[in-house]
Each structure stands twice: as structure tokens, then as C-alpha cells.
Amino acid sequence: MLTSICGINWGDEGKGRMVDLLSQKFDIVCRYQGGNNAGHTVINERGKFILNLLPSGILREGVVNVLGNGMVIDIKHLAQEAEHLRAQGISITPENLKISDKAVITMPYHVLLDCLEEERLADKKFGSTRRGIAPVYADKYMKKAFRMGELLHPERLYKRVKDIVEWKNLTIVGGYRHAPVTADEVIEYFKTYGEPLKEYICDVGLYLNEANKAGKDILFEAQLGALRDIDFGIYPYTSSSSTIAAYAPIGAGVPNLKLDRSIGIMKAYSTCVGEGPFTAEYFGEKAEALRAAGGEYGAATGRPRRVGPFDVVASRYGIRCQGADEIALTKLDVLSAFSELEICTAYELDGKIVHEFPFSDALDRCKPVFERIKGWNCDISGCRKFDELPAEAQAYVRLIEKLCECRIRYVSVGAEREEYIEL
Ligand code: GDP
Ligand code: MG
């Protein structure tokens with residue numbers, strides 16, 4: 001069985017905790033896109049963990065974790081993340097972590113270029129996470145990137161360094177007037193952070209195909225949401241990779257295999273990090289109250305997230321992009337703080353009501369249409385069955401299900417592993 005878990009919205013839907021919960025049933029968890037630009041927060045009996053690169057399955061014994069070819073891997077960050085987890089008692093070995101030889105390496109000069117560009121843009125900045133993601137994906141498609149598998153043959157790898165560095169300096173020195181990168185420092189970097197990873201690097205496609213034949217259950221874990229997908233998201237305010245479920249088999253290394261099931265993680269309200277159109281956005285006190293109730297500050301960056309009510313238009317589009325068969329609706333408990341709730345049910349575009357998510361430039365002109373419904377205004381974090389929820393909370397979930405035309409299978413009512421309801 002091949003299952004994907006993807007974000008339906010702008011990211012930070014609580015994918016990390018849902019994967020942590022659902023990965024019990026899986027033998028293998030794969031990451032297939034992105035890098036260390038997003039953060040998953042997982043809280044379980046072993047503690048609180050923040051994962052940027054490693055799949056959430058790393059927290060479970062016996063689960064094998066894969067970093068796929070669609071990823072960009074900052075090897076220094078990986079070393080630090082692994083060190084933190086090991087200090088928290090998590091074991092990471094070549095038995096439970098496999099890194100694709102075809103994954104691309106995010107270099108310090110990619111991070112540098114990301115920062116230089118954000119500084120150049122100044123007040124027009126995009127809100128990049130400054131982790132070098134756009135520059136490294138650009139190099140991948142320019143065919144000027146280094147890949148993990150090259151670390152297995154250092155002599156050949158080091159020979160390429162000089163040419164690549166020369167080319168990079170055309171931009172770093174010539175364009176941004178910054179001090180050059182040297183071949184020596186790049187080689188030193190590979191020695192320090194690449195060498196220790198050698199045993200983890202392999203053809204993960206081969207491994208996954210064999211595992212699939214042997215009847216293993218494989219889970220693909222996305223980072224970021226549908227609306228950050230490079231093709232289908234709110235371009236250019238997107239990530240630089242494909243965050244959608246259909247890309248999972250490709251980015252994991254098994255383009256020959258097909259998904260059996262797509263689970264969409266959708267938040268009971270909306271949040272968005274960084275710039276870009278966010279139609280249902282709240283401002284002022286309303287925003288403050290929701291942000292505080294939901295603890296909406298970035299896991300990777302600590303930045304306050306933009307917040308708003310549940311957005312039917314964007315979520316339905318996200319569900320379509322992800323081909324979601326079923327939904328996990330997260331953070332319903334956050335709405336317990338309010339006696340009245342709003343849902344954005346449509347957009348108004350140039351005087352017309354629209355229900356389908358428009359192209360990016362039209363999105364800037366959209367205004368939200370809100371509908372009000374009664375809240376429940378009491379603690380629901382102890383509920384473990386749907387009928388234990390107050391009638392208003394049940395109605396809220398059923399209304400969203402109806403408007404989004406997709407079955408809601410799970411509802412989470414707290415950040416901890418067991419704080420959820422299966423419908
Ligand atoms: P991800 O990027 O999609 O994995 O999500 P993040 O980890 O960035 O953000 C989700 C945040 O919400 C984390 O701090 C979680 O611990 C927390 N969280 C997840 N599910 C719930 C829930 O049902 N209720 C509450 N109150 N918090 C939750
Ligand atoms: Mg996150």
C-alpha cells in the first residue's frame with residue numbers, strides 16, 4: 001500500500017503530528033520534496049521534536065525513513081538535526097535512514113545567495129526562509145548542483161568543485177559584490193558534513209520497489225501545502241518544489257508505482273507564513289486572538305503566522321490538487337476560544353461571487369465572503385469520539401465536510417498524539 005499525506009492549505013496544517021500518528025501503521029516513511037525550509041512539530045511520549053529534514057517516522061522504532069531524490073538536503077543542517085534527536089534518545093542509523101543518491105545537496109553558498117537576494121529586495125522581499133531552497137533548486141535545473149551520490153566518490157566530486165565555484169562566483173562576486181566562495185572551503189565542507197553520511201546514501205528507488213513487492217506499507221510525507229506547490233500554488237509566493245501527492249512517487253524514487261490513497265491535512269482555520277495573497281486574512285485584534293489561541297508562530301523561524309478563518313474556496317482547490325480521498329481536520333480545539341465563528345465560503349472578484357480558486361493575479365483583487373456560525377466555546381480537547389463533541393462543533397465539522405465535498409476521517413483536538421477523533 002502506498003499512501004501520501006499532504007497539506008491542503010498553505011502549510012503548517014499539522015502534517016508532522018498526523019504523520020506521527022498514522023506512521024504507526026507504516027513500515028516506511030518517505031520525504032519526497034523540499035528541504036529544511038519547513039518545520040514539523042511532533043509531541044509524543046518521548047518529548048517534543050522539531051523536524052526539518054527527517055521524516056516523522058524517525059521517531060518510531062522499526063520504521064525506515066527515506067529522503068527522496070526530489071529533496072534538497074542541507075548536509076550541515078542534517079548533521080545538527082540528527083545530533084539534536086540523538087541527544088533526545090532517538091536512534092538514527094543506516095538501518096532506519098536511507099538517503100537517495102539522486103537528492104541534491106544544498107550548499108552554504110545557496111543559503112548565502114538566498115540571504116543576499118532577500119537583502120537586495122529589501123522591503124519588496126518575498127519572505128524566503130533563507131535556507132537556500134530556491135537557489136539550490138535553480139542550480140538543480142541548471143544542472144550545476146551536487147548530488148548526494150557524488151559523496152561516495154570524493155575524488156570525482158572534488159574535480160567538479162572548481163568549475164562550479166567559478167560559475168557561482170560570477171553571481172556572488174560579479175552580481176552581488178560579495179566575497180568569493182573558494183573551492184577549498186567547498187571541499188572542506190564535503191569532508192566535514194558529507195563523509196559521515198556515506199553509509200546512508202543508496203538507490204532508495206530500488207529499496208522502495210523491493211519493499212513494496214514484499215508488501216510493506218509506504219507513507220509519503222509532504223512538507224508545505226498545496227498552495228505552496230511550484231505549479232499549482234500562489235506563484236511566485238510558493239516553494240520551489242512540487243508539494244502535491246501526485247509527485248510523491250517521483251520525488252521518492254518510485255515513478256513506476258501508484259498511490260493507493262491520499263490523505264489531506266486541512267486546518268480548521270487558515271494560516272499563512274510570509275508574503276502573498278491570503279484572501280480570508282484577519283487583521284488587528286481578531287487576528288491576534290486567533291494567532292494566540294492557535295500558537296501560530298513558525299516552527300522553523302518563529303515568525304508570527306498570518307491567520308484567518310477556514311477558507312472553503314482555497315481548501316476545495318487544495319483538495320483537488322492533492323487528489324485527497326479523505327481529510328484529517330486539525331486544530332479544531334483552537335476554535336474553542338470563540339463563541340462565534342466565521343467561514344470564508346466564497347470570494348468576491350470584480351463584483352462577482354466566485355467559488356473556484358482563481359489565477360494568482362486575480363487573487364489579489366478577491367475579497368472574502370464570510371458566513372457566521374455559532375461556536376461551542378468550551379474545552380473539547382478531552383473528546384475522543386465524534387458524538388462527545390458539542391453539537392456546534394459537530395455541525396462545524398459537518399459543514400466543512402459538505403462544503404469541501406470530501407470525507408473528513410480524523411479530527412484533531414490537541415497537539416498530542418492521542419488527542420484526536422476518528423470518524
Ligand atoms: P506542519 O508543518 O504541517 O507539520 O505543522 P507545524 O508543526 O508547523 O504546525 C502545527 C502546530 O500545531 C504544531 O505546533 C503542533 O504541535 C500543533 N498542533 C497540531 N495538531 C494540533 C491540534 O489538534 N491542536 C492544537 N492545539 N495544536 C495542534
Ligand atoms: Mg510547519
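First listed ligand is number 1; within each ligand, the first listed atom is number 1.
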State if Gly11 counts as touching ligand 1 under the rule of any non-hydrogen atom under 4.0 Å.
-> no
Any cation-pi pair here, Arg320 with Phe357, using under 6.0 Å and within 45°?
-> no
Quick one: do Glu117 and Tyr176 satisfy side-chain hydrogen bond (donor to acceptor under 3.5 Å, both in side chains)? Show the steps, please.
-> CA-CA 8 Å; Glu117 179 57 9; Tyr176 290 101; 2.6 Å; yes
Could you tell me which atoms of ligand 1, counted from 1 in the order shown, lie closer than 4.0 angstrom to a heavy atom of Val413?
-> 23 (O)
Is the distance between the ring centroids of Phe310 and Tyr396 under 6.0 Å?
-> no
Of the N, O or S atoms in Asp12, the one nearest the Mg ion (ligand 2) | OD1
Contact atoms of ligand 1, heavy-atom distance to Arg17 under 4.0 Å = 19 (C), 20 (N), 21 (C), 22 (C), 23 (O)
To the nearest 0.5 angstrom, please state how far the CG atom of Asn36 sits from the NZ atom of Lys76.
-> 11.5 Å
Any idea which of Lys15, Lys331, Met18, Glu296 brings a heavy atom closest to atom 17 (C) of ligand 1?
-> Lys331
Which of the listed options, Ile5, Leu51, Thr41, holds the heavy atom that is closest to atom 7 (O) of ligand 1?
-> Thr41
Can you tell me how far CE of Met107 sits from NZ of Lys168, rounded to the nearest 0.5 angstrom?
-> 10.5 Å
Which heavy atom in Tyr200 sits nearest to a heavy atom in Leu97, and how many Å separate them?
-> CD2-O, 3.4 Å
Could you tell me whether some N/O pair between Asp12 and ligand 1 is separated by less than 3.5 angstrom?
-> yes
For ligand 1, is Lys267 a contact, meaning one of its heavy atoms is under 4.0 Å away?
-> no
Decide whether an N or O pair under 3.5 Å exists between Gly414 and ligand 1.
-> yes
Using distance alone, decide if ligand 1 has a nitrogen or oxygen within less than 3.5 Å of any nitrogen or oxygen in Gly14.
-> yes
